[in-house]
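Below is one structure; the comments refer to it alone.
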Amino acid sequence: MPLHVYNTLSRAKEEFKPLQPGRVGIYVCGPTVYGHPHIGHAKSYVSFDAIIRYFRYLEYKVLYVQNITDVGHLTDDADEGEDKIEQRSKIDKVHPMQIAEEYTQSYFEDMDAMGVLRADIYPRATGHIIEQIQMVEELLRNGFAYEVDGSVYFDVRKFGEYGKLSGRVLDEMVAGTRVDKRSDKRHPADFALWKKAEPGHIMRWISPWGEGYPGWHIECSAMSMKYLGQQFDIHGGGMDNQFPHHECEIAQSECATGKPFVKYWLHNNLVTVNGHKMGKSLGNFITLKDAFKKYDPLVLRFFILQSHYRSTLDYSDQAVQGAQTGYEKLINTVRNLRDELTTHPPAERNTDVSSAVNSLKAKFLSAMNDDFNTPQAIAVLFDGVKEVNQLLGGDVKKAFPELNAFDAFFDNCAGEILGILPDKLDAQALEGGSLEPTLVELLLRVRDAARTEKAFALSDKIRDGLSQLGIIVEDRKDGTRWRKS
RNA sequence: GGCGCCGUACCCAAGUGGUAAGGGAGAGGUCUGCAAAACCUUUAUUCGGCGGUUCGAAUCCGCCCGGCGCCUCCA
């Protein structure tokens, strides 16, 4: 089955057909950098990372753009609140750009730890003020926007298709919307393209309408089109951005260019904690830095990929711990497999293709082709784990071709595509040049001698002591192995 | 109030017309001095409830119950 993706725009799974053969242009809404990233960010960016990795695995030439929002994102009431970055900067008494810089770095740090590959371009909103102004001018020229006292608003009633992404009807929307009597807007759903900067506002730029700053939605339209063209394949982001953010992006972009904006809209679902949405404003969010204190970042990545990107994911210690145990099982098996292949290399490289592995790989790819069904793909990985462990427990020499094929399978599927294999998996790898491995092995030789003399009290003492230092000792039929926990 | 999503074992979670994946936890067994790891067996006659369509439904339709999301910033 060819790749199918769920398109929010059509509310259906569609076969993926790129605008240009062999190429994929994708834009994913990035973070607003005014705080440390949390588990919710991780779900979004890990999900899209797996998606990007899969496109690359399928040998598409991918151009992946992700914005960094460092201006224009307001708190509270749309278009009436305070800029989030600027608000934070006042609390911390530093320049807004210091806030943006600090949390951008924090974001990259956490994403790197989780094996999220960097996007090709990370445009900053403040670095694209000119492009945004140009787009606002274009919208004014085309009659889709109006200026009031130094601010420019998009006139939603001029765009008949407004609401097509989120399935909203303008007239019905008004009923539930708070209407600010003082607002300059002609229609409550109109949104700011450019805002006049009040005195005291720090982040401000010169524009044809006086000093001001860009609205939140305009940055994504201006920057995505700058790097991906007026039309591109995929736009992704969290479900909570479907409305109003993405709806507004469509309106602005299509009115500015007169062309359909994005072919496929992909939205990941949200993370809940105790059944409730986790959000910055709700104060119930768990930052990644806190989560990393308890769990390996790759365990969290695995936990995220064990549920589908369009499903909600409920975060709980019980659930993550379960994922951790499962993850360790997977990693252990891959480690043992590689260990076996390197310590007892086969006399000759057998290139026979194993049908068992091929069948698993086909299942894996077919799961990924079905709208990136990573939970199902991971289940296939575990089928492989079982088979490998059986082979490792049997006649290893005979199974070598098969084991080789499995090694490649895990490399491709778990490593390259899902990104859940650690960089260094070498069985007993410790920091290079360290005395540690030598010492551990010395201790294990002493322990082995004790075991031969049935001095089990002593041998157990060594094992327990090493265990407390984070070194796991396992006695197997063919000798004692150790690894770091 | 409007729009939408979800409810699968003790927990997490796939499956969306052909007779219940996977992970964790539990139970029994093999191996082992023990432990760990691994392997084998086992754990939902059943998918929130009630009706309907169908040869056949967890999957489609209707109603009801329960939970959540968006409609205001949020990944």
Side-chain angles (χ1 to χ4, degrees), chain A residues 11 28-32 34-35 37-48 73-82 84 163 166-169 171-178 180 189 216 236-245 267-272 275-282 285 302-303 306-308 310-316 318-330 332-333 336 363 367 370 373-383 385-386 388-390 392-394 451 454-457 459-460 463-464 467 472-477 481 483:
Chain A
R11 269 159 263 273
V28 173
C29 278
T32 299
Y34 68 107
H38 53 64
I39 306 281
H41 292 104
K43 174 163 167 76
S44 186
Y45 302 121
V46 164
S47 297
F48 283 105
H73 202 160
L74 307 183
T75 60
D76 275 335
D77 276 314
D79 309 329
E80 300 298 337
E82 194 176 358
K84 291 185 173 190
S166 54
R168 270 156 231 269
V169 183
D171 299 333
E172 287 174 3
M173 269 169 43
V174 182
T177 308
R178 252 190 283 164
D180 189 339
W216 174 39
M239 252 177 179
D240 46 352
N241 273 334
Q242 195 175 312
F243 188 88
H245 187 52
H267 289 100
N268 64 274
N269 216 317
L270 307 179
V271 173
T272 58
H276 290 273
K277 175 185 163 178
M278 174 166 75
K280 285 183 180 175
S281 52
L282 295 175
F285 64 91
F302 176 80
F303 173 65
Q306 239 186 339
S307 86
H308 189 88
R310 283 194 292 114
S311 302
T312 52
L313 175 65
D314 197 53
Y315 182 90
S316 71
Q318 195 184 17
V320 182
Q321 263 151 21
Q324 172 164 297
T325 313
Y327 178 72
E328 279 165 4
K329 177 178 181 168
L330 169 69
N332 257 331
T333 299
N336 291 339
K363 277 190 198 167
D370 183 12
N373 194 331
T374 55
Q376 205 164 64
I378 287 174
V380 176
L381 246 35
F382 277 100
D383 290 340
V385 163
K386 195 170 197 170
V388 167
N389 281 325
Q390 284 168 342
L392 287 175
R451 292 179 70 215
K454 299 202 189 301
F456 295 123
S459 70
D460 288 352
R463 185 173 62 197
D464 292 347
S467 164
I472 293 168
V473 175
E474 289 174 8
D475 298 319
R476 304 191 201 174
K477 279 179 188 162
R481 301 288 177 85
R483 63 186 157 88

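Note that the coordinates shown come from a computational prediction; the quantities given were computed from them, not determined experimentally. Just so it is clear: chains get the letters A, B, ... in the order the sequence lines come, proteins before strands, and each one is counted from 1.
For B/G69, neither phosphate oxygen OP1 nor OP2 lies less than 4.0 angstrom from any side-chain nitrogen or oxygen of A/Q242. Under 4.0 angstrom from either OP1 or OP2 of B/A38 there lies no side-chain N or O belonging to A/K477. Considering only side-chain N and O atoms, A/H276 lies under 4.0 angstrom from the phosphate OP1 or OP2 of B/C68.
Residue A/K277 is classed as a base contact, given a heavy-atom separation below 4.0 Å to a base. Within the 4.0 angstrom heavy-atom criterion, only backbone atoms of the sugar-phosphate kind lie near A/N241; the bases stay farther away. Note on A/V271: a base of the nucleic acid sits closer than 4.0 angstrom, heavy atoms only. Nucleic acid contact for A/P37: none, since no nucleic acid atom lies under 4.0 Å from a heavy atom of the residue. At a threshold of 4.0 angstrom between heavy atoms, the contacts of A/F382 are confined to the sugar-phosphate backbone, with no base atom among them. Base contact: A/R463 has a heavy atom under 4.0 Å from a base atom. Within 4.0 Å (heavy atoms only), A/M278 reaches at least one base atom of the nucleic acid. A/Y327 comes within 4.0 angstrom of no nucleic acid atom, judged by non-hydrogen atoms across all strands. Here A/V473 lies in heavy-atom contact (under 4.0 Å) with a base. Using a 4.0 Å heavy-atom distance criterion, A/G238 is classed as a sugar-phosphate-only contact. Within 4.0 Å of A/G393, counting heavy atoms only, lies no atom of the nucleic acid at all.
To the nearest 0.5 Å, atom CG of residue A/N336 and atom CZ of residue A/R483 are 7.5 Å apart. Separation of atoms NZ (A/K363) and CG (A/L381) is listed at 12.5 Å; rounding is to 0.5 Å. Note: A/L270 CG to A/R310 CZ = 13.5 Å, rounded to the nearest 0.5 Å. Distance OG/A/S307 to CD1/A/I378: 9.0 Å, rounded to 0.5 Å.
Comparing B/G15 with B/G22, their C1' atoms are spaced 11 Å from each other, to the whole Å. A gap of 13 Å separates the P atoms of B/A14 and B/A9, to the nearest Å. Nucleotides B/C50 and B/A57 are separated by 15 Å at their P atoms, to the nearest Å. The separation of B/A36 from B/G49, taken at their P atoms, amounts to 39 Å, rounded to a whole angstrom. Between B/U16 and B/G29, the two C1' atoms lie 38 Å apart (nearest whole Å). Spacing between B/G18 and B/A13 at atom P, rounded to whole Å, works out to 24 Å. Rounded to whole Å, the separation between the C1' atoms of B/U54 and B/C73 comes to 48 Å. Here, B/U42 and B/C10 have their C1' atoms 15 Å apart, quoted to the whole Å.
With a cut-off of 3.5 Å on both Watson-Crick or G-U wobble distances, the partner of B/C39 is given as B/G29. Base pairing analysis places B/A21 opposite nothing; no Watson-Crick or G-U wobble pair with both distances below 3.5 Å involves it. Taking a pair to require two hydrogen-bonding distances under 3.5 Å in either a Watson-Crick or a G-U wobble arrangement, B/C5 pairs with B/G67. Across all strands shown, B/C61 is found opposite B/G51 as a Watson-Crick or G-U wobble partner, with both distances under 3.5 Å.
Distances were taken from every side-chain heavy atom of A/N389 (C-beta onward) to each of B/A38, B/A21, B/G33; the shortest belongs to B/A38. Side-chain proximity of A/C29 to B/C70, B/A75, B/A37: nearest is B/A75. Nearest nucleotide to the A/Q390 side chain, out of B/C71, B/C39, B/G22: B/C39. Proximity note for A/P244 (side chain, C-beta onward) versus B/G2, B/C39, B/C73: the nearest is B/C73. With B/A38, B/G2, B/A75 as the choices, the nucleotide that has an atom nearest any side-chain atom of A/K329 turns out to be B/A38.
At least one side-chain heavy atom of A/H38 sits less than 4.5 Å from a side-chain heavy atom of A/H41.
For A/D383 against B/G22, a side-chain-to-base donor-acceptor contact under 3.5 Å is absent.
Across the interface with RNA chain B, nearest-nucleotide mapping of A/S459 and A/G275 shows A/S459 to be the residue nearer the 5′ end. Two residues, A/K386 and A/K454, neighbour RNA chain B, and the one matched to the more 5' nucleotide by heavy-atom proximity is A/K454.
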Annotated protein contacts, base or backbone, on nucleotides 4-20 of chain B with a non-hydrogen cut-off under 4.0 Å, one of B, S, - each: -------SSSSS-----
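By the 30° and 60° cut-offs, the orientation of the rings of A/F303 relative to A/Y315 is perpendicular.
Of the charged side-chain nitrogens involved, none lies within less than 4.0 Å of a carboxylate oxygen, so that A/D383 and A/K386 do not count as a salt-bridged pair.
The distance between atom CG of A/D464 and atom P of B/A35, rounded to the nearest whole Å, is 13 Å. Residue A/L392 contributes atom CG, which lies 10 Å from atom P of B/C39 at whole-angstrom precision. A/F243 has its CZ atom 18 Å from the C1' atom of B/A75, to the nearest Å. The CZ atom of A/R481 sits 19 Å away from the P atom of B/A36 (whole-angstrom rounding).
Side-chain atoms of A/N373 come within 3.5 Å of backbone N or O of A/Q376 as a donor-acceptor pair.
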Determine, step by step, whether A/D460 and A/R463 satisfy the side-chain contact (heavy atoms from CB on, under 4.5 Å) criterion, reporting the C-alpha distance in whole Å, the side-chain angles of both residues, the deciding distance to 0.1 Å, and the verdict. CA-CA 5 Å; A/D460 288 352; A/R463 185 173 62 197; 3.5 Å; yes
side-chain contact (heavy atoms from CB on, under 4.5 Å) for A/K43 and A/S47? Distances and angles first, verdict last. CA-CA 6 Å; A/K43 174 163 167 76; A/S47 297; 4.1 Å; yes
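A/S311 and A/N269 form no side-chain donor-acceptor contact under 3.5 Å, judged by distance and modelled atom types alone.
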